[in-house]
Structure formats: C-alpha cells, structure tokens
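Labels below follow one simple rule: chain letters A, B, ... track the order of the sequence lines, proteins then strands, and each chain is numbered from 1.
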Amino acid sequence: GFYGELRAEHGPPVSDWARLPQELLLHIFQYLPLLDRAYASQVCREWNQAFHMPELWRCFEFELNQPASSYLKATHPDLIKQIIKRHSNHLQYVSFKVDSSTESAEAACDILSQLVNCSLKTLGLISTARPSFMEVPKSHFISALTVVFVNSKSLSSLKIDDTPVDDPSLKVLVANNSDTLKLLKMSSCPHVSPAGILCVADQCHGLRELALNYHLLSDELLLALSSEKHVHLEHLRIDVVSENPGQHFHTIKKSSWDAMVRHSPKFNLVMYFFLYEDEFGPFFNEEIPVTHLYFGRSVSKEVLGRVGLHCPRLVELVVCANGLRPLDEELIRIAKHCTQLSAIGLGECEVSCSAFVEFVKMCGRRLSQLSIMEEVLIPDHKYSLDEIHWEVSKHLGRVWFPDMMPTW
Amino acid sequence: MVVNSMHWFRKGLRLHDNPALQEALNGADTVRCVYILDPWFAGASDVGINRWRFLLEALEDLDNSLKKFHSRLFVVRGQPTDVFPRLFKEWKVTRLTFEYDPEPYGKDRDGAIIKVAQEFGVETVVRNSHTLFNLDRIIEMNNNSAPLTFKRFQTIVSRLELPRRPLPPVTYQQMDKCRTKMADNHDQLYSIPSLEELGFRTEGLLPAVWQGGESEALDRLNKHLDKKVWVANFEHSRRNTCSLYASPTGLSPYLRFGCLSCRVLYYNLRELYMKLLWREFFYTAATNNPNFDRMEGNPICVQIPWDQNPEALAKWAEGRTGFPWIDAIMTQLRQEGWIHHLARHAVACFLTRGDLWITWESGMKVFEELLLDADWSVNAGSWMWLSCSAFFQQFFHCYCPVGFGRRTDPSGDYIRRYIPTLKDYPNRYIYEPWNAPESVQKAANCVVGVDYPKPMINHAEGSRLNIERMKQVYQQLSHYRGLSLLASVPTIQEEAEPPMTDESQSSSGPDSPLRGPADTKAAPDSSTLCASFTSAPSDLEDGHPSQTPCTSSGLHTWSSAAITCTSASHPPRTAASLSPATTPAQRPLSRSKPTSPPSPCPTLFPSPGPATMPTQTCALGPRRKGLARKMRRSQRQRGRPSSTPFATEGERRTEEERMEEDVEQDEEQMEEETSGETAGRQQ
C-alpha cells in the first residue's frame, strides 16, 4: 500500500525516506529516545525539521545532578539552553529532578525563571534524595515559581512537595490558574499557613487531589472543599509529622469529615503518621473517613484499637512497628469493623498465629495484599509457622507466604 | 604415563568433601596442593585485616593437615596467569584440578587458566562443591533465567535431585600413593605469608574471635550438633559429621526411644538448611550476571537515585552515627568480623532506604572489607534485597534504629559491650541517649554531643522522605504495580499527566502507562547517553543538536530515566558471552553431575509451593514458556506426594495443587505482561 504509492509517485525508493510524511515521521520519532532522535535529525533537512516539531517537546524532564552528590548523569547544559531558546513555548509537561545538592535546586530555579513564554499544564519539582529546594534562598525560589504561575494560565497539576513555597505565591497561583488547577501536592512546605491553603481551596473549584501536612488541615479547609461549587475531591493526602517529641496536635471535627464524605462520597483519604507513641491523643477518637493508613513509627495497641472502631472506610493499613505485646484483639476488631479492608502490611509487630488466621478468615478473599514479615507471626497451640501458610492460603483462595528476609 | 597432579586451592580450603582434590589424587604419581596469592595486591586490596587473618589461618590449618600426610601446601606468590606456566614446566604437571567457581569473576579467571593449561597440554578437572546444586540446572529449570524470588527458587530446588553426598576426607593411604618429595627450601619458597608481609600493622591487634581453618570448622559443626541435636554423649568420628544431611543414622536409637524428638531434629536441621538455601539462591542469581555487585548495568537491580555523601558513609562505617544500636553493630563487625543477620538487616536498612539514602554498593564494599563470610554473590544479593533494589521486596517497613534494637535486646547489654562509653546509661535511654535528661547523661559520664555523637539524622523525618523516594521509584515500575503496598495508593496523577499519543495509549491501556512499546524504548541509560553527549561535537547554532542527552521524558511528566528499572542499552547477557570459561569448564563439570538416581523424592525438607510473585522472565516466547510450565506441572504431579508435608492428607494436597496451578496461571499472565517490558529493557 503505502510504500507502493510512494514508489509510484516518487521513483527510486532511496529518496522515499526523506519524503516520509511529517505525521508518520512524528509518529516514529515519538517512539525514539531523545538521543536517537538527535542522531536521526542529522540525516537530512526534513528529519531535522521533524526533530524540532513542537509535539516532541511537550514534555521534558530536567535532571539536575552534581557529580559530587549523585551517581546519575544530568541533563546537559547545552541541551537546557537549546530548549529554553527554541522550545520553551512548546513545553507543557515539565518536571525537574534534583539531587541532594543546593546547586541543583538553584539550577532548577534558574531554568524556571527563564520559562517566560511557555504555558505549562503540569509542573513537578522532585527532590530525589534530600529536600534540596529547602536550601535555596526562599526569595529566589518564590520568584522562579511565580514566573511559571503568572505565565502559565492553564496549570492543572503542581507537585511542589518539600519546597519553600509560601502563602503569597499561592495567591499568585490562584489568581492565574484557579480555573484549571486539579492537582496540588505540597507535603512538607513549612512556609504555607492554614490560611494560605484555604485560599486555594476557596478559589480553585476544580481541585481534585490535594496533599499537605496535618498542620495545614482545618475544619474550614474541609468545608471549603465540600462546598457546592467545588467538584468532588478524589484524593486527600495528609502527612502527620512530629517535629519535636511531645508536640500537640489539633483535632478536626467529625462534622467536617462528614461534610467531606457527603460531598465526595468516594474520596480517598490517605494519612501517613510519623508520630511518637504519646502524640496520638487527638487522633482516632471519633469516626474518620480514612481509607489508607500508614504508621511509619511505632504505634500503640491502644491506638490500633481505636482505628478498629473509628475507620469504617479503611482500605489499606500499614503498621511498621508496635510494642512487644501481640496485636490479636486489635486485628480482629479491624477485620470486623473495617469491611473494605483489602490490603495490610505489618512490620515489627507481633500477632499470634491463631489470631492472624482468624483475621484472614474474617476478611477472606478481599484481602488482595497481605504483606506480613515472618517474624511477626508467633506460633501458638493451634498453628505453627508451616501450618499457617496453608491455613491462610485456604482462606485467601491463593497461595500465600509471609515475607521473608534472608538469613545471611 | 606419569601423572603429576596439581590441585589449586582458592575457596574450598578443606580436605573433606573436596571432589576436585580427590580427582587430583586419583591415580596420580605426584600431587602438589597450591594456593596462589599476590602479597602486593593483597595489601592494596579492600579486604580488611580480620578477613586476611582468617584466610592465613585456614591456609595454616591446611598446611598442618597436609604435613601429617608428609605433604605440604605450596603458597605461590604472584598472579595465576604468570604462576601457572612457570609451575607447569617446573613440576612437569599433567593434571590441574580445582573447584568450580560459579561467580562471574571466577569464571573468567578460570577460563583463562584452562586455556593456559591446554597450551601446556595439561588436563584440567573442575568439580562443583561450593554450592549444593548445579546452579546452571536451577537456571535451566526456571526457563533459563535465575529465579528472582526465594519462593520460586525453593520450588525449583524442590524439583531437583538431592544434593550430591559429601566425599570422605582425604586419607593417609591416598596421599601416600602419590607422595611428592618436598624441597628442603620449601619454607623459603612457599611458606604462608604473615600479616606483616601482606602490609598490615599488627600491633594492638585483638585476638581473633573467629579462628580460620577446616579443623575449627569441623569442631564447630560437632559442637553445633552437640548443642542442638545430641542428647547424650556420643562418640562420632569426623566422617559422619560430614554426612550431616545424608546419614543421621547415629541418632536412630534416640529417635526410637523418643529420647530425641524427631521434630526437634527436623527443625534444627531445617534451620541450617534454610541458611544454605539462601546462599544458594544468591549464587544462582549472580552466576551469570557480572554486574551483580552494582546498580548500573545490572538487569535485576532497580535504579534508585541514591545520594552521594562520603561523610555520612564514613560515620556509618566507623560506628559514629549517634545511634547506639547501629554503632554497636558496626563496632562488632569491625572488631570481630561477624554480626548476626538481624544486625545486618538493621545497619543495611539504616544506610540505604531507611535513613541515609546511600547506595547499597557502598555498604556492600564495607562488608566486603570487614565481614568474614562476605561472599561476593551473597553479599551483593543481600544488600540488594535489604535495600529493596531487587527480588520484589516490599519497602513499606524500615527498621527503626532505636526500636528494633530495643526489641532485640531490651537490656542494652549488647550496646554496653561494644560501646563502653555508654555503659552507665540506664536501660531506658541506652538506645536513645540524646533523649536522656542532662542529669542522667552527666551521671552516666557521657554527655551526648561531647562524649558520644548526637544522632546524625532525625529518623522519623529521614524515613518519611525515603519512603516517598521509594514510592517515586516503584510507582514507575509497572511490573511491580499492585505488588507494593504503598505504591498502590491511588492518585489522579496519571490523569493529570500529559495525554500520550493515541497509539501508545491504545497499546498500553490507561492503568499501565509504562507498558507501551514507546516507553520501554524511552527508558535509556542516561549515563551512556550523556557520556557520548559530552564527547561529541555539538552544532547547536544551525539547529543540529548533535548528541542530546535524553531523559525518558518522552511520554510522562513524572516518569524518569534515572529510576526506571534497568537500562535499555545493555544487551542481554548470555551465558556464552559472559564467560569464556563456561564451555571448557563445563565439560568436566557435566561429568560430576550428581550420580544419584532420579528419585521421585526431591528433597529432605518439604518445600512450599511456587512463588506468588512474578519472576523476571527470559526472552522466551510464550509458547516455550507454556511448555516448560506444563513439564513442571507433570513433574510435580509425579514428584509431589512424598515432597509435601501434607502427603498423608490427600484432600489437602489436591487443593493446594489446584491453588498452585492457579498461581502458576497468574504467574504466567504476569510474566507475559512483564516479558514485553523486560525484553524491551534488555535490548
């Protein structure tokens, strides 16, 4: 078909390659890594033109690494220059990956501040090792970020976790992108206040996913997100992090959570806890619509008991560590009350084998993920470690084993 | 014809169960046992003094044992390629024997020596005795790729014949038949070097906790069995301790009268056996992968953007992290050369994904220097395992450098032993001295920040960040999709990402953006690309960017080349291209295959069913894989009954088999889903 036609029209096949229609060339180029495209662009004028087609420059990921702090290579400075010069107006989906050095984060800011004539749809600032954007002078970071906010009028997705973004810059974001913003991830941004994020929630009615730290979460914020004007929220991620031992945490009213669930019945509430055991006082005393729960540090039996009572929407539970007493009753209570639970991971905890079997039996086949360290399971009069593999497999309807670590 | 044998010791520093040495003795007129060592290289290598001391003691022990047979060990200084031609001529060697070394480096080295031997008309005999099984068989049974989950590995192993029975120790009679006259200046030419000769300073060196050598090993084995198994004084010769797995007949009276519980015996042996199996697992994974000890270019290693931080690494390596649990372990490692496996987990997690976010390769090198039992394969494999860089690990759980220690040893006496400065701390604070009130610190004569370092990192904050980093990495590995707990938390992120080209979208489906052919192609090895970029001329002005370094940005905003599993630019390694040694070395090897008849009873210990996780597949077509699977199934049907713990409960077994089949079908599906990727990545 196609080659035949080409041949008929254009004579000898040698020249056909150069006459490949642009859209086909584009299609092929899209499958090639950048370096291969660069090689191909040296073949002929047409291919060189294809190399510069805007479609091929819509997304770009800048990798900014220093030889002293990363094993990974960086995007070459010449390429960066060229993109800024020739393709910045084509860029739509941009991310920056920076290593642990401040220079890399500053370089990212320098590039950002040159993106004046582009209209980005997504922007991600990603620290791959340490939160190095936090080391950049705040003013430098803010001015770079606001360049993007002001120039890109249709920003829909913004990932700026672990950065010094502040309230005034969020105001600029809202002023320019309130109609389009759908996703905002800003966990661990210490310069933002509850009022700052509230302003975003009030104005950006299309916001569907939000990630922030617990200190920014307020009843007002939840009410704003559940207002009639607001679309259904799909994901809310909250990091509960303790900066210093014994920190006091505020509480969120049950009525605010209820409003959220009424407005967005299917939303995921993902909560990461990195607290000391004695800081859990304000949590899980009332019903909370959490769906994914991660305890990154040791959590007490008592708190897990409360989880079992007050988290009816729980889907995934990860407990990294617990004290030395078995979690038997707590797990059974969770199985009983958390009827959506389908994934669980247990690290440094203890559960007796029979309680665990009972737990699995109660949850049954909806447990699609069951990741339990071998040491967690304490053999008892009913089951040994070998028998438990069989029992659990039986209830799950598939072969299951506890997670193992090498004995080395 | 005169047979002058030479046995080359490398590993396998023993006279018992040494098949290659037996081959050397077999019908020989003379036999010389050789160990080759380059003192200059030795001193310059990264191996620590404890490991050298252990090796020298092991050689000493060999020499002593050989002396009893009127023979000696020849420690020859130099490099094998230089040494062998000289010795072949000098001793008129006709037969060279050595133990098969399954590690890629060893295979290369041995391949070269076999060539040299051929040139000199010397017959080479190689025997497998460093691993329980023939690793190539395991790989063959797993569709020609090393199994990447332990369960899968166990399943394969359970279908193999039993490991070959151990051979008896070399006897006086055997040695006497090929008695070789030792030169008077033997000690001058071939003595075992001292630590000083190797360039180590030995003043202030503490006595060894672990004495090297075969005699000590057999003593320890006997004591181990005494402690764990023997219930009465029982005279046992060396020989039957060698047949640990094959003939525990000495126990039968005790079992008969119930003096010894058969279950106690079973589980004691099984515990030991599991350790052996782990070792075997990592050997199998490494044998055809010369890049097994690094991240770059290692097809099974997830590419993780580790931090480079020499200062932090030094603090960890020298036990100055400020976390007593970590520091005590590292001190014990440095002083004694051995730490418990849970301790290894703790420090490995702390260095890598738990706290410091430093590459596992650095940790592996420190272990390589200090750990007496650091095998290349096992060391690298365990580090990859613990840093969640391979073998499909869940990464949700980080060991807490305070809590984990406290659980393991609530009293803290372990800390007090290795960090005496902290010995007066009360139990309550010994794992977290920085939290002790100042008065307590003063009373204990150890103020944190003055006498003992402050913690180098806030563990809560560090582990929070690192969990996020791991998620970033794992969310982009589509063959891990749905396997990792945290990475499976949903997000609308993908929708907010750029629309893919229609074509690639239709080929990959909305839930698996990384599966499209475009994307596997677009996962480059950025290092190679960038290397060529810097060296190539660039002609930016007229719009010919010559070598543009590439990121995988091609299709996805948040997806990255740097952390995409395995690079596209490394060709698949085949056994043949890997090691010139393979072909010649395997000829004698194939003769040494276990001679036991193929029995329907695979192993002593029942092995659980197949893996629930996918193994990375080789680039075989689905049809071939299907065939292999069918074979496995029929094998299982034949071999199963006696190998399952539920043999007497027919009903149970059948149901388990049914489930197993389900799993295999799932596996099949997953393998097919990933095989495209894998193939793409490996090209």
Side-chain angles (χ1 to χ4, degrees), chain A residues 30-31 33-35 38 41-42 48 58-61 63 68-73 75-76 78-79 82 93 95 97 100 122 124 128-130 156-157 182-183 208-209 234-235 241 268 270 274 292 296-298 318 320-321 343 345 347-348 369 371 389 393 398-399 401 403-408, chain B residues 150-151 274-275 278 305-308 341 344-345 357 359 378 382 385 394 396-397 400 403-404 407 460 463-464 467 469 485 489-492 496 498 501 518 521-522 524 526-527 529-530 533 538 540 543-551 553 557-558 560 562 608-609 612 645 659-660 662-663:
Chain A
Q30 274 170 335
Y31 282 82
L34 186 52
L35 181 61
S41 77
Q42 293 174 307
N48 186 256
R58 281 190 189 143
C59 5
F60 197 82
E61 183 173 78
E63 288 184 87
S69 48
S70 174
Y71 300 92
L72 306 174
K73 292 291 187 329
T75 308
H76 196 278
D78 290 346
L79 177 65
Q82 202 205 359
Y93 311 98
S95 59
K97 286 211 157 135
S100 59
T122 76
T128 58
R130 296 282 151 213
S156 84
S157 171
K182 287 183 190 159
L183 177 150
R208 286 156 47 190
E209 175 160 358
E234 290 173 27
H235 305 276
V241 185
N268 286 311
V270 184
F274 293 91
H292 297 76
R297 308 194 54 163
S298 184
V318 174
C320 287
E348 292 162 52
Q369 290 228 34
S371 181
H389 131 72
S393 301
R398 59 187 155 87
V399 177
F401 290 99
D403 289 354
M404 286 185 151
M405 291 299 244
T407 39
W408 172 18
Chain B
F150 189 62
K151 286 294 168 213
M274 286 304 279
K275 282 197 179 173
W278 274 109
W306 304 111
D307 196 12
Q308 252 191 55
H341 72 261
R344 299 175 195 207
H345 297 175
W357 199 250
T359 172
V378 182
S382 304
W385 186 291
Q394 290 283 344
F396 70 81
H397 161 246
C400 171
F404 184 38
R407 291 174 74 86
S463 59
R464 180 190 74 82
I467 287 278
R469 309 284 173 258
L485 269 168
V489 175
T491 154
I492 67 160
T501 57
K521 272 286 201 172
S526 52
S527 59
L529 288 166
C530 296
F533 178 75
S538 68
L540 294 169
H544 284 261
S546 22
Q547 325 290 313
T548 21
C550 170
T551 68
S553 58
T557 317
W558 323 115
S560 128
T612 50
M659 289 201 298
E660 229 175 76
D662 287 351
V663 167

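- Of the listed residues (Ser69(A), Cys320(A), Gly347(A)), the greatest number of heavy-atom pairs within a distance under 4.5 Å of chain B belongs to Ser69(A).
- A salt bridge links Arg208(A) with Glu234(A); the closest basic N to acidic carboxylate O contact falls under 4.0 Å.
- For Arg58(A), no part sits under 4.5 Å from any heavy atom of chain B, backbone or side chain.
- Using a 4.5 Å cut-off between heavy atoms, Trp357(B) contacts chain A through both its backbone and its side chain.
- Between Cys400(B) and Glu348(A) the shortest heavy-atom distance is N-OE2, 3.4 Å.
- With chain A as partner, the option from Phe150(B), Trp385(B), Phe404(B) having the largest number of non-hydrogen pairs under 4.5 angstrom is Trp385(B).
- Side-chain atoms of His345(B) never come within 3.5 Å of backbone atoms of Thr407(A) as a donor-acceptor pair (strictly under, hydrogens ignored).
- In this structure, the side chains of His341(B) and Met405(A) stay at 4.5 Å or more apart for every pair of heavy atoms.
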